[in-house]
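Treat the numbers as computed from the prediction; the structure is a model and nothing was measured.
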Amino acid sequence: TEELLYDLYDYPDEVKEISAKVKKAWFKAFDLSVEAMIKYNQPFDSWMNIPSEKPWYPIQCDFCYMISPDQFEEFVLPDVTDQVNHMSRSIYHLDGAGEIPHLDMLLDIENLTGIQWTPGAGKEPLYDEKWFPLYKKIQDKKKNLVLIGGVEERHMEEAERLVKSLDPTGLYFNVYASSKEKAEEMLEKITRWSE
């Protein structure tokens, strides 16, 4: 990582050239995966566990936590935009507070379906009100909001605040329950709060 940070200054053209090669290989791998999923009539999914009938995959660049918005615009945004435009749906994995300075550029990508937010180690949990302005900004741009990390049954008051403060349309978050009965009770509450 340290060497790559220096390379952005010392060898920017070479970084872009290698990035283009990696992107080309990624597209090939993605397309082969899509063909296999279609052939066997399978839904499209990922580590986010959000099944879809249309091809998609999370897009991320955790490295951009360490670079400026200008560097993001030069080195990362073109590739992210190409990836978004290569698939039917896409969710960008916004990994921590260090990526927030790049959010406006991501939200301006027309075909980006959503943003998945992770506060990062040592930060307030995803249901903390500190993040609500961020969530509203994402929703105001008509992007889906994905909050993975979960709300446990003992934090249902936070889940209620989250659901009631945000537009439930396009809002995805997971909850954890100790039993099937408790899960059904939580689902009933969340459904009621969403109305």
Would you compute the distance between atom [atom1] of [X] and atom [atom2] of [Y] and round it to the nearest 0.5 angstrom?
{"X": "Leu134", "Y": "Ile115", "atom1": "CG", "atom2": "CD1", "answer": "9.0 Å"}
{"X": "Met105", "Y": "Cys64", "atom1": "CE", "atom2": "SG", "answer": "9.0 Å"}
{"X": "Asn49", "Y": "Tyr172", "atom1": "CG", "atom2": "OH", "answer": "6.0 Å"}
{"X": "Leu4", "Y": "Asp10", "atom1": "CG", "atom2": "CG", "answer": "11.0 Å"}
{"X": "Ser33", "Y": "Lys28", "atom1": "OG", "atom2": "NZ", "answer": "12.5 Å"}
{"X": "Ile67", "Y": "Leu5", "atom1": "CD1", "atom2": "CG", "answer": "8.0 Å"}

Do the side chains of [Y] and [X] get nearer than 4.5 Å, heavy atoms only?
{"X": "Asp45", "Y": "Met37", "answer": "no"}
{"X": "Ile59", "Y": "Trp26", "answer": "no"}
{"X": "Phe30", "Y": "Pro55", "answer": "yes"}
{"X": "Leu107", "Y": "Asp140", "answer": "no"}
{"X": "Asn144", "Y": "Ile91", "answer": "no"}

Donor-acceptor pair, distance only, cut-off 3.5 Å: does the side chain of [X] make one with the backbone of [Y]?
{"X": "Gln139", "Y": "Asp167", "value": "yes"}
{"X": "Thr81", "Y": "Leu77", "value": "yes"}
{"X": "Lys143", "Y": "Leu112", "value": "yes"}
{"X": "Glu181", "Y": "Ser179", "value": "no"}
{"X": "His102", "Y": "Phe72", "value": "no"}

Please name the pair of heavy atoms, one in [X] and one in [Y], separated by the smallest distance, quoted to 0.1 Å.
{"X": "Ser88", "Y": "Thr113", "value": "O-OG1, 4.5 Å"}
{"X": "Lys136", "Y": "Ser165", "value": "CE-O, 3.3 Å"}
{"X": "Ala159", "Y": "Phe173", "value": "CB-CE1, 4.2 Å"}

Is there a side-chain contact (heavy atoms from CB on, under 4.5 Å) between Phe44 and Arg89 once you walk through the steps?
CA-CA 10 Å; Phe44 300 91; Arg89 294 179 173 150; over 6 Å; no
Residue set satisfying salt bridge (Lys or Arg N to Asp or Glu O under 4.0 Å) with Glu124, at least two apart, ordered chain then number -> Lys130
Residues passing the salt bridge (Lys or Arg N to Asp or Glu O under 4.0 Å) test with Asp104, sequence neighbours excluded, are Lys137
Look at Lys39 together with Glu35 and state whether they make a salt bridge at an N to O cut-off of under 4.0 Å.
-> no
Task: Lys/Arg-Asp/Glu bridge criterion (N-O < 4.0 Å) met for Lys189, Glu157 - done: no
Check your understanding: In the single-linkage hydrophobic clustering (I, L, V, M, F, W, Y; side-chain heavy atoms under 4.5 Å), do Phe27 and Ile18 co-cluster?
Key -> no
I would like to know whether Leu147 and Leu171 meet side-chain contact (heavy atoms from CB on, under 4.5 Å); could you show each step before the answer?
CA-CA 8 Å; Leu147 304 173; Leu171 173 62; 4.2 Å; yes
Determine the interplanar angle of the Tyr135 and Phe132 rings, folded into 0 to 90°, and report it as parallel if under 30°, tilted if 30 to 60°, perpendicular if over 60°.
tilted
request  = If the plane angle is over 60° it's perpendicular, under 30° parallel, otherwise tilted; pick one for His93 and Trp47.
outcome  = perpendicular
Which of Gln83, Glu99, Gln60 passes side chain to side chain donor-acceptor pair (under 3.5 Å) with Tyr92? It is Glu99
Worksheet item: In terms of side-chain heavy atoms, does Gln71 have a donor or acceptor partner in Tyr9 at a distance below 3.5 Å?
Response: yes
Would you say that more than 12 heavy atoms from the other residues, nucleotides or ligands in this model lie under 6.0 Å from the [atom1] of [X], or not?
{"X": "Glu110", "atom1": "CD", "answer": "no"}
{"X": "Glu14", "atom1": "CD", "answer": "yes"}
{"X": "Lys16", "atom1": "NZ", "answer": "yes"}

Full working for side-chain contact (heavy atoms from CB on, under 4.5 Å) between Glu17 and Tyr11: CA-CA 10 Å; Glu17 183 181 327; Tyr11 307 104; over 6 Å; no
Residue set satisfying ring pair (Phe, Tyr, Trp, His ring centres under 6.0 Å) with Phe63, at least two apart, ordered chain then number -> none
Let me see the working for Val34 and Met87 under side-chain contact (heavy atoms from CB on, under 4.5 Å), right down to the final yes or no.
CA-CA 10 Å; Val34 167; Met87 57 185 93; over 6 Å; no
